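Here it is, the structure, as structure tokens.
All values derive from a computational prediction rather than experimental measurement. Keep in mind that the numbers below use all heavy atoms, side chains included, and drop hydrogens, waters and symmetry copies. Chain letters run A, B, ... following the sequence lines, proteins first and then strands; every chain starts at 1.
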Number of protein chains: 2
Amino acid sequence: MPTPQLPDASISAVERETGLSKDTLRIWERRYGFPLPLRDAHGERLYPQDQVHKLRLISRLLGRGLRAGQLVATPLEALIARASGDEDKPAHAAARPEDGELFDTTLRLLATYDETGLRSHLSLALQRLGLQRFVIDFAARMNLRVGEAWSLGQLSISQEHLYTEQMQHQLRQGIGAIYPGVRHPSVMLTTLPGEEHQLGLLMAQACLAVEGIRCVSLGVQTPAWDISEAARQQGVEVVGLSFSEALRQKAALEMLKDLRAQLPQHIEIWAGGARWARLRRRIPGVRFIARLEELPRVISDYRAEHDPA
Amino acid sequence: MPTPQLPDASISAVERETGLSKDTLRIWERRYGFPLPLRDAHGERLYPQDQVHKLRLISRLLGRGLRAGQLVATPLEALIARASGDEDKPAHAAARPEDGELFDTTLRLLATYDETGLRSHLSLALQRLGLQRFVIDFAARMNLRVGEAWSLGQLSISQEHLYTEQMQHQLRQGIGAIYPGVRHPSVMLTTLPGEEHQLGLLMAQACLAVEGIRCVSLGVQTPAWDISEAARQQGVEVVGLSFSEALRQKAALEMLKDLRAQLPQHIEIWAGGARWARLRRRIPGVRFIARLEELPRVISDYRAEHDPA
DNA sequence: GGCACGTTTTGTCCTGGACAAAAATTGACA
DNA sequence: TGTCAATTTTTGTCCAGGACAAAACGTGCC
């Protein structure tokens, strides 16, 4: 195999390629003795491609919760085994046959970067299931499968992008096809800073749309102050926030409290995301919605409380 | 009006917001005495919002060839005058008088967070202009107006989100309405790490769609290695990259060179973005497309070269 | 299982010196 | 006067090594 003979990389180049900061690269060298780059005529670090390759692997595995000190000490072969291992092991295969096929087909199309096939596959699924079941029975679980496959090294970051992109497209299509509702409560949707997953937001918007509610979406990562300002100006009744596992629990709760303090009492906060399933202490004035299935009940609760007539 | 009391920003936050590296921020402080951040209890820098604001303006002007030493010494008012003053004139001048109204109405709707109004306004504009003119004559210029208003503090971050969200929605609608084409060249679209603006990507996709080209989109921030891998697997003929002003010029060029070295010779790179208008040295094997108007010519050039029959 | 508490690991920030690449200036020469 | 090479100034990145807070881990308790 004619491996392209790329030149040795500067520390900036390695930062870009691997996502590891310059500071991190230097301190690993100091602490663990790896990477151990060459030096150019002026004493600046030059990383050979094989070290860059190993760093890229380490960077991926770091994202799965493995620890830096152990990874850098691991020989390259063992890293490769871990990164690509478990490749063909359907250990926890699908429970229900017909659901399994939807999931597996999606993964298969992703594996070959088949955008066209993926688009038509998802579109058919949406038409067959209808928007609500598409979101709750399919999309929510598919997200888990894809996230898992990525963390096992079976999907690259660009394949995950491909999935996200197409799924968002289908959801927007589905939402756009519904004639805008006018039922209460009016909801403003967004996420807090540090939370950049938009998919959850769109799934929530879909579930609200099928209840006849029209949402104002502010996109992702809106600072608390901006949220309260926009909510006031728009006169919405509820602020809906979506959470993945990306934010730390403590930080998430603190930001929620901040926002609660800034918003007028009469505006409710609905916080959505699987993470709330294991929540201990609730916050007054905030409703936690661990699964999208609960949304219809929350909505009817709200309507009962605010419009008893 | 109660001024928003945003918290002071850490040096990482400022790096993210302005695109100026930590090293640069520190050495400006040492050399020029600006920025002059506060310090927290542990001696770490805390940048007040007004300094961040000025840094953002400076960063913009730096991109136009102005010099750092002079800019940091310039008082804020003069910077604002320059930033809003001698921006490229044709960008502001509406092609036709009634188009100017399109811009002003959009800004007015944004000012009041009027999502419904904005959506219908943009939708009407799309229907009236058609996809191609909507992108080239309206969206491209509107983006400049909104970006400028944001850097001048006239729009909040959430208002910019609102704009981006709605504009993306319209573009997706427009693209989705076109029956998928099959003409050459086949294009894979994405952005490099650090470039998270998706709008440019969608505008490019729209322009390609009206030429009968179907794109594979990998979303934003794809590492160079993933791009070359996906391009090979998909067998595309062109990799299209979108650039805003977010990345520093030097970093952008270096990443482009890296990618060029990794991709097979026969796959072209098309680099899009207004920043290339003031490019000095070109890179062999990369076509720079400063304005979307140039795209049709580039496409016909490509077809002439690769299919002379 | 959840929570409060020390301990270890890990990444980011700090200072201040050095220097290369780019830009501006100077000077020689056609 | 215009061009080009050489020199100076400007500017951003790199380096070393110390410090420390936040995260991860482990342990004991309710």
Practice prompt. For B:S10, answer base if it contacts any base atom (sugar-phosphate contacts may also be present), sugar-phosphate if it contacts only those atoms, and nothing otherwise; contact means non-hydrogen atoms under 4.0 Å.
Written response: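 Answer is nothing: B:S10 stays at 4.0 Å or more from every strand.
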Discussion item. Check B:K54 with B:D50, please: is the shortest side-chain N to carboxylate O separation under 4.0 Å?
Written reply: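 B:K54 and B:D50: not salt-bridged.
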Fill in: Touch class at under 4.0 angstrom, heavy-atom based, for A:R30 against every strand present
base
Practice prompt. Considering just the side-chain nitrogens and oxygens of A:K22, establish if one lies under 4.0 Å of OP1 or OP2 belonging to D:dT13.
Written response: no
Worksheet item: Are A:K22 and B:D23 ion-paired here, with the side-chain N under 4.0 Å from a carboxylate O?
Response: no
Discussion item. Let me spell it out: for each of A:Q70 and A:D23, pick the nucleotide of DNA chain C with the closest heavy atom. Which residue's pick is nearer the 5' end?
Written reply: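 Between the two, 5'-proximity favours A:Q70.
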Item to complete: Calculate the interatomic distance between B:E44 atom CD and D:dC20 atom C1'; express it in whole Å.
Response: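 For the pair B:E44 CD and D:dC20 C1', the rounded distance is 8 Å.
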Worksheet entry | Comparing A:G69 and B:A13 on DNA chain C - which has the more 5′ nearest nucleotide | A:G69
Item to complete: Starting from P on C:dT15, measure out to CD on B:E29 and report it in whole angstrom.
Response: 7 Å
Worksheet item: Contact class for A:R67 (heavy atom, under 4.0 Å): base, sugar-phosphate, or nothing?
Response: sugar-phosphate
Item to complete: Using whole Å, report how far CD of B:E15 lies from P of C:dG11.
Response: 17 Å
Item to complete: In plain terms, say whether B:R39 and B:E29 are close enough for a salt bridge, that is, a side-chain N and a carboxylate O under 4.0 Å apart.
Response: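 Yes, this pair counts.
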Worksheet entry | Distance in angstrom units between B:R31 CZ and C:dC19 C1', rounded | 11 Å
Worksheet item: Is atom NE2 of A:H161 surrounded by more than 12 heavy atoms (other residues, nucleotides or ligands) closer than 6.0 Å?
Response: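 More than 12 within 6.0 Å, yes.
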Discussion item. Measure CG/B:L25 against C1'/C:dT15 and give the value in whole Å, please.
Written reply: 16 Å
Worksheet item: Between B:H42 and D:dC20, does any side-chain N or O lie under 4.0 Å from OP1 or OP2?
Response: no
Practice prompt. From the options C:dC13, D:dG12, C:dT10, select the nucleotide whose nearest atom is closest to the side chain of B:R26.
Written response: C:dC13
Worksheet item: So, is A:R45 close to the D:dA16 phosphate, meaning a side-chain N or O under 4.0 Å from OP1 or OP2?
Response: yes
Discussion item. Strictly below 4.0 Å: does A:T24 bring a side-chain N or O up to OP1 or OP2 of C:dT12?
Written reply: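 It does, given that an N or O in the side chain of A:T24 lies less than 4.0 Å from OP1 or OP2 of C:dT12.
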Item to complete: Look at A:R39 and D:dA16 and indicate whether a side-chain polar atom (N or O) is within less than 4.0 Å of OP1 or OP2.
Response: yes
Fill in: Value in whole Å for how far the P atom of C:dT15 lies from CD1 of B:I27
12 Å
Discussion item. Please confirm whether the shortest side-chain N or O distance from A:S21 to OP1 or OP2 of C:dG11 is below 4.0 Å.
Written reply: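 So the side-chain polar atoms of A:S21 never come under 4.0 Å of the phosphate oxygens OP1 or OP2 of C:dG11.
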Discussion item. Let's see if you can work this out: which of C:dG11, D:dT11, D:dC14 has an atom nearest to the side-chain heavy atoms of A:I11?
Written reply: D:dC14
Worksheet entry | Closest approach of A:F103 to A:D137 (non-hydrogen atoms, all atoms of both residues) |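 Scanning both residues completely, I find the closest heavy atoms to be CZ-O, 4.2 Å.
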Worksheet entry | C:dT10 OP1/OP2 closer than 4.0 Å to side-chain N/O of A:Y32 |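 Result: yes.
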Worksheet entry | Separation of C:dA18 C1' from A:D40 CG (nearest whole Å) | 13 Å
Worksheet item: Would B:E195 and B:R275 count as a salt bridge (charged side-chain N to carboxylate O under 4.0 Å, His left out) if you check the C-alpha gap in whole Å, the side-chain angles of each, and the deciding distance to 0.1 Å?
Response: CA-CA 13 Å; B:E195 173 62 69; B:R275 70 177 333 162; 5.3 Å; no
Item to complete: Write down the distance between CG (B:L62) and C1' (D:dT10), rounded to a whole number of angstrom.
Response: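 Going from CG in B:L62 over to C1' in D:dT10 covers 12 Å.
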